[in-house]
Number of protein chains: 2
Amino acid sequence: MQTTADTFQQQKSHLLARTRVIKALAHPTRLFIVEELEKGERCVCDLTAMVGADISTVSKHLSVLRQAGIVEDDKRGNQVFYRLKVSCILNFFGCVESVLNSQRNEALK
Amino acid sequence: MQTTADTFQQQKSHLLARTRVIKALAHPTRLFIVEELEKGERCVCDLTAMVGADISTVSKHLSVLRQAGIVEDDKRGNQVFYRLKVSCILNFFGCVESVLNSQRNEALK
DNA sequence: CGCCTATTTGGCTATATTGCCAACCATGCA
DNA sequence: TGCATGGTTGGCAATATAGCCAAATAGGCG
């Protein structure tokens, strides 16, 4: 049966896929981690020290980013190093900044 | 007192601001709405028909997008039209697509 | 092997998000 | 004024997230 909502239903799985990626970035700690990884790879212990949370918490955040395909890990010795898998994340945030700037200008009106 | 986690703490409010915007996009229905609005303004009733959810649900999604500064509304007659406030959203999604493509390639290995 | 360090996983509680229904508000029009 | 249409808001139940502790796993090294 044809309904008006078909476009949405047809796109749904693709929308969900994209949502999974965006959701992974929708947390301050994970955002911070991504920005830190833009500078180069980091081990879990370094990130944990920077974030100041329990190491298990940071590990879980990294797991979310990994499952979203945003980072990849590399075990060397008894440490695990994480790095960005996709380089365009910076542009990605450019747009978020535009939104924030637009809000700031709005506030000045 | 100086701790290793200072960078994170100093950035925290900015990270939260960005998180608010990203979170607003992290839902399939809202993603769909944003893409639909890229084509032009739409009234709540149109979007509701396309999404196929309760109108109150759609209204709340629009409210989330509005509060994030992503869309703006315009009441005309007894209808409310919504439109994108920021035009760069398309590029924004380009990166998400890169992540998804990279995952697809990964799967073929 | 036994122990230490680094990390992941399980489990639990606290909190946030989602979606529906019902009630309410605003506009247009007979 | 009364009623229909379009939209928002309040409230609630179901579900998903976050963060901590404790337990498990993995590598390095004496």
(request) Give a yes or no on whether a donor-acceptor pair under 3.5 Å exists between the nucleobase atoms of C:dG11, that is its base, and the side chain of A:K60. (result) yes
(request) Measure the distance from CD1 on B:I33 to P on C:dG19 and round it to the nearest whole Å. (result) 10 Å
(request) Mind checking B:S56 for me? I need base, sugar-phosphate or nothing, with any heavy atom below 4.0 Å counting as a touch. (result) base
(message) Taking any heavy-atom pair under 4.0 Å as a contact, classify A:R76: base, sugar-phosphate, or nothing.
(response) nothing
(request) Among D:dG7, C:dC20, C:dA6, find the nucleotide with the atom closest to the side chain of A:Q79. (result) C:dA6
(message) Check whether A:Y82 forms a cation-pi arrangement with A:R66 (NZ or CZ under 6.0 Å from the six-membered ring centre, at most 45° off the ring normal).
(response) no
(request) Tell me what B:Y82 touches on the nucleic acid: a base, only sugar-phosphate, or nothing, going by heavy atoms under 4.0 Å. (result) sugar-phosphate
(request) Could you state the atom-to-atom distance from CG of A:D46 to P of C:dA6 in whole Å? (result) 10 Å
(message) Return the CD to OG distance between B:Q10 and B:S13, rounded to the nearest 0.5 Å.
(response) 10.5 Å
(request) May I have the distance from A:D74 (atom CG) to D:dG27 (atom C1'), rounded to whole angstrom? (result) 14 Å
(request) Using whole Å, report how far CG of A:D73 lies from P of C:dA6. (result) 17 Å
(request) Look at the rings of B:H61 and B:H27 and say which category their plane angle falls in: under 30° parallel, 30 to 60° tilted, over 60° perpendicular. (result) tilted
(request) Starting at atom CG of B:D54, determine the distance to atom P of D:dG10, rounded to an integer number of angstrom. (result) 16 Å
(request) Ignoring the backbone of B:I55, work out which of D:dT8, C:dT8, D:dG19 is nearest its side chain. (result) D:dT8
(message) In whole Å, I'd like the distance from the NZ atom of B:K75 to the C1' atom of D:dT5.
(response) 16 Å
(request) Identify the residue among A:V21, A:I33, A:L84, A:D73 that makes a side-chain contact (heavy atoms from CB on, under 4.5 Å) with A:L65. (result) A:I33
(request) Round to the nearest Å and state the distance from A:E41 atom CD to C:dT7 atom P. (result) 12 Å
(request) Tell me which of B:T29 and A:V58 sits closer to the 5' end of DNA chain C, going by the nucleotide each one is nearest to. (result) A:V58
(request) Nearest whole angstrom, please: distance from the P of D:dA18 to the CG of A:L62. (result) 13 Å
(request) Would you indicate which nucleotide in C:dC20, C:dT18, D:dG19 comes nearest to any side-chain atom of A:H61? (result) D:dG19
(message) Whether the side chain of A:T48 engages the backbone of A:V44 through a donor-acceptor N/O pair (distance < 3.5 Å, no angle test) should be reported.
(response) yes
(message) Here's a test of your reading of the structure: between A:T57 and A:N78, which maps to the more 5' nucleotide of DNA chain D?
(response) A:T57
